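Take a look at the structure set out below.
Treat the numbers as computed from the prediction; the structure is a model and nothing was measured. Naming convention: chains lettered A, B, ... in sequence-line order (proteins, then strands); numbering from 1 in each chain.
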Amino acid sequence: MILVPVTYKGGIYRHDEIIDLIEDLGGYIIQKHMIAQEVVLQALVPKDDIELIRKIGKPLTGDITLSPLVGTEIAVVTPSLEIHHLPHASCDVAEYIRRFGAKTNMVGLARGFGKRIAQLNDEERDVINEHDLAVYLLGDFETCIEKKFPVLRRGIMVPIVLCGGPPTEALKAIIDPPVDGYVGSIGRFMHRTKESDEISRLDDVVEEVTRVLDKKREEMAKDPLSISPARLMDIISEKIDEIHEVLSPTPITVQMGGLRVKLPYDTFGPVLRKTGIDEGVTIGDLAEVLPSRMRDYILIRIKPFSETNLVI
Amino acid sequence: MEAVEYFEVECPEKAGGDYYRRIADVVLLDHNLIRVVLKLHIFIDPKVPLFVAGGVTRKLPGIVRLRDFADVNIQDRKVTISIGNEAYLAPLLQILWKKYGKDHVEQPDRFTIILYLDEEESRSLEDLPVFDPSESIYKDLIYALQVIQPEGFKVRRQYYGNGRFYLVASEDTLPEDIEDIVRQKFSLMGESL
């Protein structure tokens, strides 16, 4: 069964029927938003059943669309969180990617500004590495990007999409070794993106992010995960009651290769490790339960089939 | 930027210069400073790195004196000030408190202040300078230039007054001949510092 990421938008009336339907079909609800009279569900559903959900959702004014980024966590990295980058550029990009289903976190570096003085510390490096992908939003000058980017990428293991003011070709020419994706003509700006050419550049960012993540998915498919992250999320929310008391919008954040569980590591790390999945197999057997550098959260990295010899 | 008589962004990187032209435009507009600036020349060299912004302001509003926003009524030693525009009340009170002490400044209601002064002192009271708008406009202007400049330029020098202003900034120590560079940029606008 192939699960595809989708977004369902519809009225609040009888939306629980759609949730039940998705769960009965073997899909997973990743996130549920209630905005006034509207419900937005981000879910993974079986590919063959999309039409069925659409048919059942139609009388409830529901609409289902493919959202390639559902189930991914993306870091939007800016050199700082000063007025030079906020709220436009960084917030606009982070918010736009979010519309396509990704969970984005903004990472404002403590000392990322400047050309010669830019730095990346170990905490920032580790936090970025906990994501599926990092979008770097840099400035308008080629000279600066060329000089500071090698420092800002040091130790980053996840794919990088680099955005900057110079055209895409110019960015490709100055970055060595190459990164996974480039989007040019989106550097520092101080106004809201509302004109069509600006929106189309945001679309370019989403397109590039999707392309890079698709490539990563293909790589991962060669050695599949021992358990799908969405399924593991379901098991944790079923077996760990305390997760329902967490007030964060996504108590369990789904990533491509794992989960971020927003519970304190010291108390719940050992509990999670021992939590059973199926016939004597525990989470600890299939995944690494690690302390996250983000607050005191837990990071679960699911091991691939080649390491566990198990697929559940 | 139609309101500005002269506006140039000089930069060795053309694309970057164009972006900064737009940034400067938006920032000055957002800070309501477009009407204040008559000429503006921005020079950015990311290679050095150096940022120079200098310009000329339009004629700024003069100093606000007590008579401009209040009536002063003198009866023997008792001076009653009736405030017309509350915008300058706070700076006025600060001045009076500092000069005469809080105990000697009575304020029976929001718009009335009562003082007991000698005849000589009360005569010059109407001409008391309360607020200098140009001071805050120049400060706003320098702040706006700091927003425009590329981030991370922590070494700065600024100057304002006499209808002229400039801000130079860099990551590294400023070059010794920085004032010559600024003068040169002013001469491009047909002005002298």
Side-chain angles (χ1 to χ4, degrees), chain A residues 77-90 92 108-120 137-149 151-152 163-171 173-174 183-195 197-198 201, chain B residues 1 4 7 9-34 37 40 42-53 139-156 167-175:
Chain A
V77 185
T78 64
S80 84
L81 292 179
E82 275 186 51
I83 193 165
H84 296 77
H85 300 107
L86 283 178
H88 306 306
S90 30
D92 288 12
L109 306 180
R111 291 183 178 275
F113 45 69
K115 185 177 76 163
R116 179 180 57 82
I117 55 177
Q119 294 172 7
L120 180 81
L137 296 173
L138 300 186
D140 287 335
F141 294 119
E142 267 180 59
T143 330
C144 296
I145 296 176
E146 189 179 6
K147 181 99 192 258
K148 74 192 282 181
F149 186 64
V151 180
L152 298 187
C163 304
T168 311
E169 295 309 315
L171 286 179
I174 54 173
V183 185
S185 310
I186 181 156
R188 181 187 165 207
F189 52 88
M190 300 293 288
H191 57 279
R192 235 187 102 189
T193 44
K194 48 188 174 190
E195 287 164 24
D197 63 319
E198 293 164 342
R201 258 174 278 142
Chain B
M1 283 296 251
V4 180
F7 175 47
V9 177
E10 187 188 345
C11 177
E13 278 185 32
K14 199 192 164 294
D18 291 345
Y19 286 122
Y20 269 82
R21 197 183 165 82
R22 178 86 197 264
I23 289 171
D25 190 4
V26 171
V27 171
L28 290 179
L29 208 62
D30 284 355
H31 289 76
N32 280 329
L33 290 168
I34 286 277
V37 180
L40 180 65
I42 295 176
F43 168 75
I44 312 170
D45 190 344
K47 283 210 170 75
V48 175
L50 185 66
F51 173 85
V52 179
K139 278 187 181 158
D140 289 353
L141 205 52
I142 296 294
Y143 175 74
L145 294 178
Q146 284 181 13
V147 173
I148 294 169
Q149 67 163 54
E151 202 189 7
F153 283 23
K154 301 289 179 192
V155 186
R156 293 187 198 114
L167 171 88
V168 286
S170 176
E171 257 181 332
D172 304 321
T173 318
L174 292 170

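- Contact of A/Ile83 with chain B is made through the side chain alone, with heavy-atom distances under 4.5 Å.
- Heavy atoms closer than 4.5 Å to chain A are found nowhere in B/Leu29, neither backbone nor side chain.
- Both the backbone and the side chain of B/Val147 come within contact range of chain A, each with at least one heavy atom under 4.5 Å from a heavy atom of that chain.
- At least one side-chain heavy atom of A/Phe141 sits less than 4.5 Å from a side-chain heavy atom of B/Cys11.
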All donor-acceptor atom pairs under 3.5 Å, backbone and side chain, chain B-chain A:
| from | atom 1 | to | atom 2 | distance (Å) |
| --- | --- | --- | --- | --- |
| B/Glu13 | OE1 | A/Glu142 | N | 2.9 |
| B/Glu13 | OE2 | A/Glu142 | N | 3.4 |
| B/Glu13 | OE2 | A/Thr143 | N | 3.1 |
| B/Glu13 | OE2 | A/Thr143 | OG1 | 2.4 |
| B/Tyr19 | OH | A/Gly165 | O | 2.8 |
| B/Tyr20 | OH | A/Arg188 | NH1 | 3.1 |
| B/Pro46 | O | A/Lys115 | NZ | 2.9 |
| B/Lys47 | O | A/Lys115 | NZ | 3.1 |
| B/Gln146 | O | A/His84 | NE2 | 3.0 |
| B/Val147 | O | A/His84 | NE2 | 3.3 |
| B/Val147 | O | A/Arg188 | NH2 | 2.5 |
| B/Ile148 | O | A/Arg188 | NH1 | 2.9 |
| B/Gln149 | O | A/His84 | NE2 | 3.2 |
| B/Gln149 | O | A/Arg188 | NH1 | 3.3 |
| B/Glu151 | OE1 | A/Ser80 | OG | 3.2 |
| B/Glu151 | OE1 | A/His85 | ND1 | 2.9 |
| B/Glu151 | OE1 | A/His85 | NE2 | 3.4 |
| B/Glu151 | OE2 | A/Ser80 | OG | 2.3 |
| B/Glu171 | OE1 | A/Lys115 | N | 3.4 |
| B/Glu171 | OE1 | A/Arg116 | N | 3.2 |
| B/Glu171 | OE2 | A/Lys115 | N | 2.3 |
| B/Glu171 | OE2 | A/Arg116 | N | 2.9 |
| B/Glu171 | OE2 | A/Ile117 | N | 3.4 |
| B/Asp172 | OD1 | A/Arg116 | NE | 2.6 |
| B/Asp172 | OD1 | A/Arg116 | NH2 | 2.6 |

